[in-house]
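Attaching a single structure in structure tokens format; questions to follow.
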Amino acid sequence: MSAYPSVAVTGGVGCGKSEVGRILAELGVAVLDADVLAHEFLKHDSAVREAVLQLCGREVLDADGELNRRAIGAQVFADTGKRLALEAILHPRIWSRIRSWREELRASQASAALIPLLYEAGLTEGWDAIWCIATSDEVVNGRLRDRGWSIEQIEQRRRAQWPIDEKIKRADVVIRNDGSREALKENVLECWTTLVKRSRGHGG
């Protein structure tokens with residue numbers, strides 16, 4: 001393992017990957033979010049924009065002529081073919097960016113990438129550890145409904161991902177997130193401390 005560990009953080013929809021990312025950032029870990037990268041490509045990459053317009057049509061443009069992520073999501077999560085086509089547009093770009101970022105940081109800083117579709121996209125190579133953030137469906141449903149999601153939207157997202165049980169089986173570390181942020185933070189800190197000790201040859 002390198003002196004500065006790199007972790008891939010995955011999990012199901014609404015399980016708390018972003019919150020884990022914020023906790024890691026508080027610990028001084030460099031954090032990159034694959035969802036944020038996807039948004040950046042949709043907003044700033046002209047080739048991505050053109051490909052998305054060909055896939056989804058001009059109805060996914062907002063009043064300012066920008067790609068509307070909500071409108072794109074409504075189409076692709078209702079149509080598996082379109083979702084896979086969009087992933088084929090975005091995933092190679094996202095993975096290339098994450099891989100370059102990870103390698104640049106290896107010698108200087110610990111890093112963590114938040115990648116919801118880590119397994120689905122085949123992005124599992126090269127990490128010092130893979131963490132799966134897992135939460136019960138009941139808790140996830142409550143969280144996402146509080147954000148204005150319908151049950152249909154939640155189930156569409158679930159169907160687009162591997163079952164959480166499969167991700168749990170494949171991960172190096174499973175972090176449960178069914179309770180408070182304080183409990184999550186304590187769990188993340190314990191897992192991170194263990195990983196850092198391993199990276200320095202003090203255990204594991």
Side-chain angles (χ1 to χ4, degrees), residues 4 6-127 130-133 143-144 147-149 153-154 156-157 160-162 167:
Y4 292 94
S6 62
V7 175
V9 180
T10 192
V13 60
C15 285
K17 295 176 296 295
S18 296
E19 195 60 50
V20 170
R22 283 186 281 271
I23 293 168
L24 288 172
E26 292 169 7
L27 296 174
V29 180
V31 177
L32 189 64
D33 189 333
D35 282 343
V36 172
L37 287 181
H39 297 167
E40 289 178 357
F41 282 120
L42 288 168
K43 188 173 181 64
H44 300 297
D45 189 307
S46 59
V48 168
R49 173 188 170 89
E50 183 59 31
V52 171
L53 287 177
Q54 289 183 13
L55 177 66
C56 298
R58 299 188 65 83
E59 57 265 34
V60 297
L61 294 175
D62 62 20
D64 297 321
E66 300 289 337
L67 291 174
N68 184 307
R69 295 195 302 270
R70 186 179 294 272
I72 294 169
Q75 284 199 26
V76 301
F77 285 107
D79 183 327
T80 300
K82 280 191 176 182
R83 177 175 58 80
L84 294 175
L86 180 64
E87 290 174 357
I89 295 166
L90 290 172
H91 283 179
R93 292 171 167 85
I94 292 170
W95 177 227
S96 178
R97 182 76 64 82
I98 290 175
R99 182 170 53 195
S100 298
W101 172 85
R102 182 183 66 189
E103 297 310 315
E104 287 170 4
L105 287 178
R106 277 196 184 279
S108 62
Q109 188 175 357
S111 61
L114 314 180
I115 311 176
L117 299 180
L118 179 81
Y119 293 109
E120 295 88 336
L123 306 183
T124 58
E125 296 301 318
W127 305 100
I130 294 175
W131 291 4
C132 177
I133 315 306
R143 288 175 182 166
L144 294 181
R147 298 181 201 171
W149 290 41
Q153 289 173 315
I154 296 168
Q156 284 179 335
R157 292 334 189 253
Q161 298 184 5
W162 283 16
K167 295 185 177 185

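Note that this is a predicted model, so its numbers are computed, not measured. If you read the sequence from its start, that first residue is 1, and numbering goes on from there.
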Residues forming a salt bridge (charged side-chain N to carboxylate O under 4.0 Å, His left out) with Asp45, sequence neighbours excluded: Arg93
Under 3.5 Å: donor-acceptor pair, side chain of Glu120, backbone of Trp162: yes
Residue pair Thr124 / Ile130, side-chain heavy-atom distance below 4.5 Å: yes
Euclidean distance, Asp33 CG relative to Glu40 CD, rounded to 0.5 Å: 9.5 Å
Pair Arg99-Glu103, salt bridge (Lys or Arg N to Asp or Glu O under 4.0 Å): steps then yes or no: CA-CA 6 Å; Arg99 182 170 53 195; Glu103 297 310 315; over 6 Å; no
From Leu86 atom CG to Asp79 atom CG, the distance as rounded to the nearest 0.5 Å: 11.0 Å
Heavy-atom side-chain contact between Leu53 and Leu61 under 4.5 Å: yes
Side-chain heavy atoms of Leu32 within contact of Ser111, under 4.5 Å: no
Non-neighbouring partners of Arg49 that pass salt bridge (charged side-chain N to carboxylate O under 4.0 Å, His left out), sequence neighbours left out: none
Would you mind writing out the side-chain donor-acceptor pairs for residues 68-75 within the sub-3.5 Å range, not counting sequence neighbours?
| residue | atom | partner | partner atom | Å |
| --- | --- | --- | --- | --- |
| Asn68 | OD1 | Arg70 | N | 2.9 |
| Asn68 | OD1 | Ala71 | N | 2.9 |
| Arg69 | NE | His39 | NE2 | 3.3 |
| Gln75 | OE1 | Lys82 | NZ | 2.6 |
| Gln75 | NE2 | Cys56 | O | 3.0 |

Ring geometry between Trp95 and Trp127 (parallel below 30°, tilted from 30 to 60°, perpendicular above 60°): tilted
Residues forming a side-chain contact (heavy atoms from CB on, under 4.5 Å) with Leu144, sequence neighbours excluded: Val13, Val140, Arg147, Trp149, Ile154
Minimum-distance pair of heavy atoms, taken over all atoms of Leu114 and Ser18: CD1-CA, 4.0 Å
For Glu50, side-chain contact (heavy atoms from CB on, under 4.5 Å) partners two or more places apart: Gln54
Residues Glu87, Arg83: salt bridge by 4.0 Å N-O rule: yes
Residue list, salt bridge (charged side-chain N to carboxylate O under 4.0 Å, His left out) with Lys17, at least two apart or on another chain: none
Side-chain donor/acceptor of Ser100 to backbone N/O of Ser96, under 3.5 Å: yes
